[in-house]
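I have placed the structure first, in the form of structure tokens, so that the comments after it can refer back to it.
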Amino acid sequence: MKIAFVGKGGSGKTTLSSLFIRHLAAEQVPVIAVDADINQHLGAALGLDEAESAALPAMGARLPLIKDYLRGSNPRITSAETMIKTTPPGEGSRLLRVREDNPVYDACARTVRLDDEAAVRLMVTGPFNDSDLGVACYHSKVGAVELCLNHLVDGPGEYVVVDMTAGSDSFASGMFTRFDMTYLIAEPTRKGVSVYRQYKEYARDFGVGLKVVGNKVQGPDDLDFLRAEVGDDLLTVFGHSDWVRAMEKGRPPRFELLEEANRQALETLRATADRSYERRDWQRYTRQMVHFHLKNAERWGNAKTGADLAAQVDPAFVLDERLLAAPQPA
């Protein structure tokens, strides 16, 4: 399952995504966690200290390696330099799988140990810092995540959880269509639900599964407000948490001590994501991938690379979990 967490800045998006990642890891299921927010906080939310977080390898800085590996022997891609963030896989491309080791994970992922035997693979885009100002766009960094998601094939019981860029910037590329389920974190305020209205429109147009998770809900009035604003899209809510307060101070208790109501909310998120598996449509998923690639090729990709990027599309190829059993191209 590919699951995204979105919401406005300060909504608690990263906190709740980290809790969900911990919940999955505690169940001993394979999890890849991705921090695709330019404000890199997921590592700290998973318990890394400042030095450990700073030492995480940035995917954006390893884009040439990622492109070279994923290109494989695909004859439609003349060089790794002609690959852009939306380049789709085709015959001969190498794919990423959740339960494997590969050069991309070796270069970009690090194992984060949680309670007992629980652990996740963590990947980060890398921060957008002063040296990037005036010479780079943060979308180029997030583009490494999009390229990997385009080439990732996963099955039931496998989880990729992505903490997305805050606010409506999540719509700046086709990456928002790469998920089985999107959880929008909303506080019970007018500003808190404003991103929901934007996301709802985009989700409707592309068939994206979207549910709202209320956060910082303090009582019946807050719950009534969210229900009135988002209706049946409201899935569950999180209230006050002493566990989260301790975590934010750098002293998280054992995860099993998280409040029961909040644990139940996390299980609701997992069960809802698991049910989305029944609605998977790999044909549509592949069409959407190609749709955004052709748009980017026409708008800027062809001019940037000097190549006809529409020729990269393999019309016979469908990204499908049956490919999980296929050998990787040489």
Side-chain angles (χ1 to χ4, degrees), residues 2 34 36-38 57-96 102-109 123-129 131-153 162 164-165 169-179 202 206 282 284-319 323 328-330:
K2 302 183 188 76
V34 183
D37 193 336
I38 57 170
M59 296 177 69
R62 289 157 178 79
L63 198 51
L65 179 150
I66 293 171
K67 290 179 177 181
D68 189 62
Y69 178 76
L70 297 179
R71 177 192 172 207
S73 58
N74 186 336
R76 295 176 178 272
I77 303 175
T78 56
S79 68
E81 289 73 23
T82 63
M83 293 180 75
I84 62 174
K85 64 180 182 179
T86 51
T87 295
E91 187 68 30
S93 296
R94 293 192 184 101
L95 302 177
L96 301 177
N102 58 55
V104 173
Y105 294 161
D106 290 344
C108 302
M123 303 172 72
V124 304
T125 62
F128 189 76
N129 52 44
S131 64
D132 295 312
L133 294 176
V135 295
C137 169
Y138 75 82
H139 294 121
S140 65
K141 295 176 179 290
V142 177
V145 179
E146 186 169 358
L147 190 61
C148 285
L149 289 177
N150 279 356
H151 289 74
L152 191 147
V153 58
V162 182
M164 296 278 280
T165 299
D169 279 351
S170 294
F171 316 137
S173 72
M175 193 162 71
F176 74 94
T177 66
R178 304 293 83 201
F179 302 100
Y202 282 86
F206 288 92
W282 285 104
R284 185 188 70 186
Y285 188 86
T286 304
R287 285 197 306 271
Q288 290 175 343
M289 188 189 316
V290 169
H291 167 77
F292 282 102
H293 179 62
L294 294 178
K295 285 181 64 175
N296 279 301
E298 182 178 352
R299 288 179 178 177
W300 57 268
N302 291 343
K304 180 178 180 179
T305 63
D308 177 13
L309 300 186
Q312 294 179 340
V313 176
D314 184 343
F317 184 85
V318 176
L319 190 66
L323 296 169
Q328 291 278 30

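Just so it is clear, the structure is predicted and the values come from calculations on it, not from any experiment. Both backbone and side-chain heavy atoms feed into the values below; hydrogens, waters and symmetry mates do not.
For F292, the ring pair (Phe, Tyr, Trp, His ring centres under 6.0 Å) partners two or more places apart in sequence, or in a different chain, are F206. With sequence neighbours left out, P329 forms a side-chain contact (heavy atoms from CB on, under 4.5 Å) with S73, R94. Among residues two or more places apart in sequence or in another chain, the side-chain contact (heavy atoms from CB on, under 4.5 Å) test is passed with R71 by I77, M83.
Without hydrogens or angle criteria, R287 side chain to W282 main chain gives no donor-acceptor distance under 3.5 Å. A side-chain donor-acceptor contact under 3.5 Å links T286 to the backbone of L319. Side chain of R76 to main chain of V313: a donor-acceptor pair is present (N/O by atom type, distance under 3.5 Å, no hydrogens or angles). Judged by distance alone, the side chain of Q312 and the main-chain N or O of T82 form a donor-acceptor pair under 3.5 Å. Although no hydrogens or angles enter the test, the distance criterion places no donor-acceptor pair under 3.5 Å between the side chain of D68 and the main chain of A80. A donor-acceptor pair under 3.5 Å is absent between the side-chain atoms of R62 and the main chain of P57, judged by distance alone.
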side-chain contact (heavy atoms from CB on, under 4.5 Å) assessment of R178 paired with Q288 | CA-CA 9 Å; R178 304 293 83 201; Q288 290 175 343; 3.5 Å; yes
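Between the side chains of D37 and T165, no donor-acceptor pair of N or O atoms lies under 3.5 Å.
Nearest heavy atom pair, residue G301 against residue I84, reads CA-CD1, 4.5 Å. Scanning both residues, C148 and V104, for their nearest heavy atoms gives SG-CG1, 4.2 Å. The two residues L323 and L95 make their nearest non-hydrogen contact at CD1-CD1, 3.7 Å. When all heavy atoms are compared, the tightest approach of M123 to A109 is CG-CB, 3.6 Å. In terms of heavy atoms, N74 sits closest to G90 at ND2-N, 3.4 Å. Shortest non-hydrogen contact noted between H151 and T87 is CE1-O, 3.2 Å.
You'll find the side chain of F179 reaches within 4.5 Å of the side chain of L149, heavy atoms only. L96 is listed as a side-chain neighbour of Y69, based on a closest heavy-atom distance under 4.5 Å. Within the 4.5 Å cutoff, no side-chain heavy atoms of D106 are placed close to those of N102. Residues E298 and L309 fail the side-chain proximity criterion, which asks for heavy atoms closer than 4.5 Å. Using a 4.5 Å heavy-atom cutoff, the side chains of V142 and M175 are in contact.
Put simply, CZ on R284 and OG1 on T177 are 9.0 Å apart, with the number rounded to the nearest 0.5 Å. Of the inter-residue distances, the one linking D314 atom CG with E91 atom CD reads 7.0 Å to the nearest 0.5 angstrom. Distance CD1/I66 to CE/M59: 4.5 Å, rounded to 0.5 Å.
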